[in-house]
Engineer: 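Pasting a structure here, questions to come.
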Amino acid sequence: ELQVEELQRLLQGMEKEHRALLHKMKEGEAELARLSSVEGAKLAEQDRSAKLEKEVAMLREKIHHLDDMLKSQQRKVRQMIEQLQNSKTVIQAKDAAIQELKEKVAYLEAENLEMHDRIEHLIEQQVSRGGHSSRARSKSEYVSRSFPSRSKRLTGPKPLPLIRVVET
């Protein structure tokens with residue numbers, strides 16, 4: 001009977017221990033489920049974080065590429081502006097030269113007309129002494145009629161303002 005009582009007591013202790021272990025096991029499983037859900041959330045966040053980092057890297061690369069393109073376009077625009085300004089300077093110089101040549105042509109035409117008038121006058125004087133003679137035009141009269149501001153130097157068109165492109 002002692003042994004039976006001892007075995008019953010041991011059996012009850014084992015049952016009690018069994019229940020405590022089952023209770024501990026259930027608590028462990030619940031904790032494990034909670035941790036695995038937390039780990040799942042962490043993994044999802046890590047995946048999202050990795051995707052966002054890749055997207056940020058890709059966007060940085062695109063921005064870098066666009067910056068390079070923008071700088072290249074700004075250089076081209078600056079070169080085109082310089083070429084345009086150089087062309088305008090050349091055109092202004094040629095316009096000034098053309099104006100000068102026009103003035104020379106007008107002066108020479110006036111001189112030529114004066115010579116023709118003198119020749120006509122001399123011919124008329126020889127043909128009809130004391131008769132009707134045409135008045136000779138002087139070179140200065142013709143030039144002053146053609147170019148009233150002959151004494152004032154003509155200038156070419158005004159230079160255009162300088163355009164600057166600022167690189168940021």
Engineer: What's the separation between atom CD1 in Ile81 and atom CD in Gln74, rounded to the nearest 0.5 Å?
Structural biologist: 10.5 Å
Engineer: Please report the interatomic distance CG(Asp68) to CD1(Ile63), rounded to the nearest 0.5 Å.
Structural biologist: 12.0 Å
Engineer: Considering only residues two or more places apart or on different chains, which pairs with a residue in residues 3-12 satisfy salt bridge (charged side-chain N to carboxylate O under 4.0 Å, His left out)?
Structural biologist: Glu6-Arg9
Engineer: Output all residues satisfying side-chain hydrogen bond (donor to acceptor under 3.5 Å, both in side chains) with Asn112, sequence neighbours left out; order by chain, then residue number.
Structural biologist: His116
Engineer: Kindly compute the distance separating CE (Met80) from CD (Gln73), expressed to the nearest 0.5 Å.
Structural biologist: 9.5 Å
Engineer: Other residues, nucleotides and ligands only: do more than 12 of their heavy atoms fall within 6.0 Å of CE on Met69?
Structural biologist: no
Engineer: If the condition is side-chain contact (heavy atoms from CB on, under 4.5 Å), which residues does Ser72 pass it with, not counting sequence neighbours?
Structural biologist: Arg75, Lys76
Engineer: NZ/Lys71 to CG/Leu66 distance, rounded to the nearest 0.5 angstrom?
Structural biologist: 12.0 Å
Engineer: If you round to the nearest 0.5 Å, how far is CD of Gln12 from CG of Leu7?
Structural biologist: 11.5 Å
Engineer: How many angstroms lie between NZ in Lys88 and CG in Asn86, if you round to the nearest 0.5 Å?
Structural biologist: 11.0 Å
Engineer: Can you list, by chain and residue number, the hydrophobic cluster partners of Ile123 when the side-chain cut-off is 4.5 Å?
Structural biologist: Ile119, Val127
Engineer: Considering only Ile, Leu, Val, Met, Phe, Trp and Tyr, and joining two whenever side-chain heavy atoms are under 4.5 Å apart, list the other residues clustered with Ile98.
Structural biologist: none
Engineer: Show every salt bridge (charged side-chain N to carboxylate O under 4.0 Å, His left out) that has at least one partner inside residues 12-40, sequence neighbours left out.
Structural biologist: Glu31-Arg34
Engineer: Which residue pairs pass the salt bridge (charged side-chain N to carboxylate O under 4.0 Å, His left out) test with at least one member in residues 46-65, sequence neighbours excluded?
Structural biologist: none
Engineer: Among all residues two or more places apart in sequence or in another chain, which pass the side-chain contact (heavy atoms from CB on, under 4.5 Å) test with Leu22?
Structural biologist: His18, Met25
Engineer: Could you check if a side-chain atom of Glu114 sits within less than 4.5 angstrom of a side-chain atom of Asp117, using non-hydrogen atoms only?
Structural biologist: no
Engineer: Counting N and O atoms only, with roles assigned by atom type, does the side chain of Ser49 sit under 3.5 Å from a partner on the main chain of Glu45, one being a donor and the other an acceptor?
Structural biologist: no
